[in-house]
Amino acid sequence: MKVRKAVIPAAGLGTRFLPATKAMPKEMLPIVDKPTIQFIVEEAKKSGIEDILIVTGKNKRSIEDHFDANPELEQDLQEKHKDKLLKLTQSITDLGVNLYYTRQPHPAGLGDAIYRAKSFVGDEPFVVMLGDDLMNDKEPLTKQLIDRYNKTHASTIAVMRVPHEEVSKYGVIDPSGEIESGLYNVQSFVEKPAVDEAPSDLAIIGRYLLTPEIFDILATQKPGRGGEIQLTDAIDTMNKTQRVFAHEFKGERHDVGNKEGYLETAIEYGLTHPETKDALRQYIIDLGTKLSRQNKNKKN
Ligand code: G1P
């Protein structure tokens, strides 16, 4: 069956970005001039996804507004002959995917958020795309997962090697053999293990291709780490009755879910954005000179 649907959980409170996220969704924080969630929707579109459900919560209405038309703004841009900006504004509404929204009333974990998508997904395979991870590769990671699924018809979870001391921030897999380049059988999936107990350095990153049986498991899933319903735990249970593979991502991942990663990503994108790249590059070179001078003075 063709993979046509994606679920983007966007109900989190965004506490890592307070006070910015007190009244504004973290998914609307821009990388240069584009909200992070738009990168995710664009990746879905590029991967052939047709329908997207965004699971939102309180204070998230601006996500819906962002993907909706804004007639007043468009009229103003038209009257002022700002054609480029008009086109840019309209292109967000005409992305060519159908967007649906539902709310998660209480933040009860990623597994609970995904369970809200049960009737939207129905009896089809689907992808889950987390908004904190922006991925760069020749081929979008979501498309890579779909290509794997088209051959195996099995759930496939994206993983990536991370530095060992960071494994406790992620779901981690215990691989039981690489069956072909970058595709692993998995013994178990563990949510945020202690560093000395982690079965490997292969961490789950924010893209999952799941078969709909995951909903039967989520329906009775008990809270796990942090007292929350964990998607990783449900995947581990599913792996006992049907094969779940792990696909190793070898491209570039930007974690925009923490302050440092967010700033680094903004700089990287700023260095490729046509309006900012030259001035920003020069600024960084000058700043580097200034900082290394300060460093030398400190040492002397
Ligand atoms: C979630 C998942 C975790 C995964 C991570 C990837 O954790 O629970 O398994 O490794 O996303 O970004 P969170 O970062 O939401 O705490």
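Every value quoted in this text rests on a predicted model; they were computed, and no experiment measured them. Read the numbers this way: they start at 1 and go in the same order the structure lists the ligands and their atoms.
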**Study point:** Side chain, backbone, both or neither: the part of Leu231 lying under 4.0 Å from ligand 1 by heavy atom
**Key:** neither
Review point. Would one find an N or O of Leu110, backbone or side chain, under 3.5 Å from an N or O of ligand 1?
Key: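 N/O-N/O distance below 3.5 Å does not exist for this pair.
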**Study point:** Close-contact set for ligand 1 against Gly171 heavy atoms, below 4.0 Å
**Key:**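 Checking each atom against Gly171, I get 3 (C), 4 (C), 9 (O), 10 (O).
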Point to revise | Per-atom contacts, ligand 1 versus Thr232 - under 4.0 Å to a heavy atom | key: 9 (O)
Closest candidate by heavy atom, reference [atom], pool [options]:
atom                   : options                        : value
atom 7 (O) of ligand 1 : Lys192, Arg16, Glu228, Lys169  : Lys192
atom 1 (C) of ligand 1 : Asn258, Val167, Leu130, Asp132 : Leu130
atom 9 (O) of ligand 1 : Gln230, Glu191, Arg225, Met160 : Glu191

Review point. Heavy atom of Asp133 under 4.0 Å from ligand 1?
Key: yes
Review point. Does the Ser155 side chain pair with the main chain of Leu210, one donor and one acceptor, at a distance under 3.5 Å?
Key: no
Point to revise | Main-chain N/O of Phe39 paired to Lys34 side chain as donor or acceptor, under 3.5 Å | key: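 Checked: no pair found.
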Practice item. Would you please test Phe67 and Tyr101 for ring pair (Phe, Tyr, Trp, His ring centres under 6.0 Å) and show each step? Key: CA-CA 11 Å; Phe67 290 106; Tyr101 301 89; 7.5 Å; no
Exercise for review: Apply the test ring pair (Phe, Tyr, Trp, His ring centres under 6.0 Å) to residues Phe17 and Tyr262: give CA-CA distance (whole Å), side-chain angles for both, the deciding distance (0.1 Å), then the verdict.
Suggested key: CA-CA 10 Å; Phe17 283 95; Tyr262 174 78; 5.5 Å; yes
Point to revise | Nearest non-hydrogen protein atom, atom 4 (C) of ligand 1 | key: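 Result: Ile204 O, 3.4 Å.
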Check your understanding: Do any non-hydrogen protein atoms sit less than 4.0 Å from atom 12 (O) of ligand 1?
Key ->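 Answer yes: something from the protein, a heavy atom, is under 4.0 Å.
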Check your understanding: For the residue pair Tyr115 and Phe215, does the interplanar ring angle fall in the parallel (under 30°), tilted (30 to 60°) or perpendicular (over 60°) class?
Key ->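 Tilted, since the angle between the ring planes falls between 30° and 60°.
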Review point. Should Lys250 and Asp137 count as an ion pair when the cut-off is N to O under 4.0 Å?
Key: no
Review point. Taking the side chain as C-beta and beyond, is there a heavy-atom pair between Val159 and Tyr170 under 4.5 Å?
Key: no
